[in-house]
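Chain naming here is simple, since letters A, B, ... match the order of the sequence lines and numbering starts at 1 in each.
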2 protein chains.
Amino acid sequence: MPRDPASTAPTLEEVAALAGVSRSTVSRVVNRSPHVTDEAVLAVEEAIGRLGYVPNRAARSLASRKTHVVALVVPESTAKVFADPFFASVVQGIALYLADTDYTLNLLIASETDSNKIKRYLLGGNVDGALVVSHHSGDHSFANIGQSLPVVFGGRPLLEDIVDSYYVDVDNAGGARAVTQHLIESGRRRIATITGPLDMPPGVDRLSGWLSAVRGADLPDDLIEQADFTLAEATAAMRRILDRDPDVDAVFAASDQMAAGALTALRERGRRVPEDVAVAGFDGDYFSETSSPPLTTISQPATELGAKMAEVLVELMAGREVRRVTMMPTELVVRASTGS
Amino acid sequence: MPRDPASTAPTLEEVAALAGVSRSTVSRVVNRSPHVTDEAVLAVEEAIGRLGYVPNRAARSLASRKTHVVALVVPESTAKVFADPFFASVVQGIALYLADTDYTLNLLIASETDSNKIKRYLLGGNVDGALVVSHHSGDHSFANIGQSLPVVFGGRPLLEDIVDSYYVDVDNAGGARAVTQHLIESGRRRIATITGPLDMPPGVDRLSGWLSAVRGADLPDDLIEQADFTLAEATAAMRRILDRDPDVDAVFAASDQMAAGALTALRERGRRVPEDVAVAGFDGDYFSETSSPPLTTISQPATELGAKMAEVLVELMAGREVRRVTMMPTELVVRASTGS
DNA sequence: CTGAAAGCGCTAACAC
DNA sequence: GTGTTAGCGCTTTCAG
């Protein structure tokens, strides 16, 4: 049986004794207070090294009234999409950033039915701040806790009125515009789009990016079909597009998975990609790399977005000024699906 | 600016005052001590509800010398495969189970290069136990900390010698045997397998399940090609199989993703599925549902596995006896890829 | 620049 | 069964 590690852990007091100073001084050294003599610092560090002293988090937070813990709140619906590679990278970015600070990450899955439990936990003084990943839904039901606790969201809020929340988002509109632009520049004229749900920010924003590009080029903006980010629905949407206009020569799908669905529909209708129809996606995920042909897409800086979220939160917790909105740039990745 | 939440959080003392009892009694109620009158319990719970009281973790752990924190250690390589739907569900299962206990989950991404940092953290008295998800690699490099801290692994260890670690695993061999059996029962005689890497437990175990089934039926066991769980390599493996024996009439791929790759290769060689060749996978993930035809596969109880890991750890931390090895059953899901 | 003293909010004996 | 009394290990005024 494991033995109790605490019973063996050296305390600040022992360090003080060994270093021949008071506990206060040790505390100051540990917390990097500037008002300590170099000699004292040295003696204390020496003692800390010899004893292998590690501060006790609990005692520290009890006394300082700071937990040094940040919550990572994942709405359960998002958790199902946990498999979403994008989401996974965001989490990784968060964790890696925080690993270099002395904050600790608390993973919370917020069941939709009982989000109050989480709210109570968050407001119960158990964490210094929270990160909410609701990328897909734009659900900011935790927005109101932002008034009592520093909170940073991943993805912009669904409701424009919740303007007072901090969030980091990918430039969905800009990316969609850029990839559509690419379609236009490679000579396509009849460009369709398969959108995500229009009650989700990424759905709306990617559509608006497409709109701005086709309108800017004086091309028709009527070939719009909605789907739900899944391959199956996108396949159906692509069929509808082909029915509506057999002459379509390009399609921008708001996600790579949907672009893969479009590929399926095009194949079944005997259209060649990219000769007859160019296909572009969004996300830069697994699907875009493995489909045949590989997809031109907009890749998102997922890890960086996560790191940025954490960074903004850390600033917020330190009481520093931060911009409420941070947009992460996207990158156009050109592959075979839009031309040779 | 957010105001300090701690200044506002009700304390145990206030609950005691409101309920008209002492702090000890409140503490007992909160900790579900059996030695309290029903009336007292009621009064305290009433007060807790009215005040929205949440115990302060720091104070609690300082006094009890328990952190009530469990670490979820994710090797960085696994984190990249974070997108793995299986892994995602495991994490969800862990989080949901723990949500009903009063343990808190600490997410740690262990960089391969500096696992000592994590070890120090774990051994520094910051957590009461750890969960290590290393499902794919079978890497139990954290095995030795199991001597000083309760640790439960997801997936069996790669090295048989590390028999003293606790782990929960899916019955890979059993599942592989079952699905191969199904192939045999539906009349297939020339059955190939595409394996995962043979330095990963799931790779080895699924191969051994296939072996046991074909040998048990006195069928040839030579049609084995190795891949690495990815679609691309599996496509190549399937081509090699077709080259080696054009008469192959079934293939068991050790993952759905690989089965999808097999489908691609079969299609390009003009083989019909399931008429000419039956295809079966393993995992029961997204790929098995969306490929065409949908795949017969072995679905894994991912969420349950996560919950079980958490449960075993909780028992361990409570000092109770637990079996070192827990096997989770799998389920055969029959779809179009192996017959009408 | 450093030490002494007073808790942070809770649990854990120990009496009652 | 319940209250009282001490701390848990650290930070933080406040003197010096």
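Under 3.5 Å, the side chains of R60(B) and N31(B) contain a donor-acceptor pair of N or O atoms.
Look at NE2 on H35(A): it is 16 Å from C1' on dG3(C), rounded to the nearest Å. Atoms CG (L62(A)) and P (dA6(C)) sit 18 Å apart, rounded to a whole Å. Atoms CG (N126(B)) and C1' (dC10(D)) sit 14 Å apart, rounded to a whole Å. In this structure, CZ of R32(A) is placed 16 Å from C1' of dT11(D), rounded to the nearest angstrom. Summarising the geometry, the separation between NE2 on H68(B) and C1' on dG9(C) is reported as 14 Å, rounded to the nearest angstrom. The distance between atom CD of E13(B) and atom C1' of dG3(D), rounded to the nearest whole Å, is 13 Å. Nucleotide dG9(D) holds its C1' atom 16 Å from the CZ atom of R65(A), rounded to whole Å.
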Solution key, residues 37-54 of chain B side-chain donor-acceptor pairs under 3.5 Å, sequence neighbours excluded:
none

Problem set entry | Intermediate values then yes/no, side chain to side chain contact (heavy atoms under 4.5 Å, CB included), V69(A) and N126(A) | CA-CA 7 Å; V69(A) 171; N126(A) 294 297; over 6 Å; no
Could I get a table of every N or O pair under 3.5 Å where one atom is in the protein and the other is in nucleotides 12-15 of chain C?
| residue | atom | partner | partner atom | Å |
| --- | --- | --- | --- | --- |
| dA12(C) | N6 | S24(B) | OG | 3.3 |

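V30(B) comes within 4.0 angstrom of nothing in the nucleic acid, heavy atoms only.
Closest approach of R23(B) and A16(B) over heavy atoms only: N-CB, 3.8 Å. Across all non-hydrogen atoms, the minimal contact from V322(B) to Y166(B) is O-CE2, 3.6 Å.
Of all the residues in residues 53-60 of chain A, not one reaches under 4.0 Å from DNA chain C with any non-hydrogen atom.
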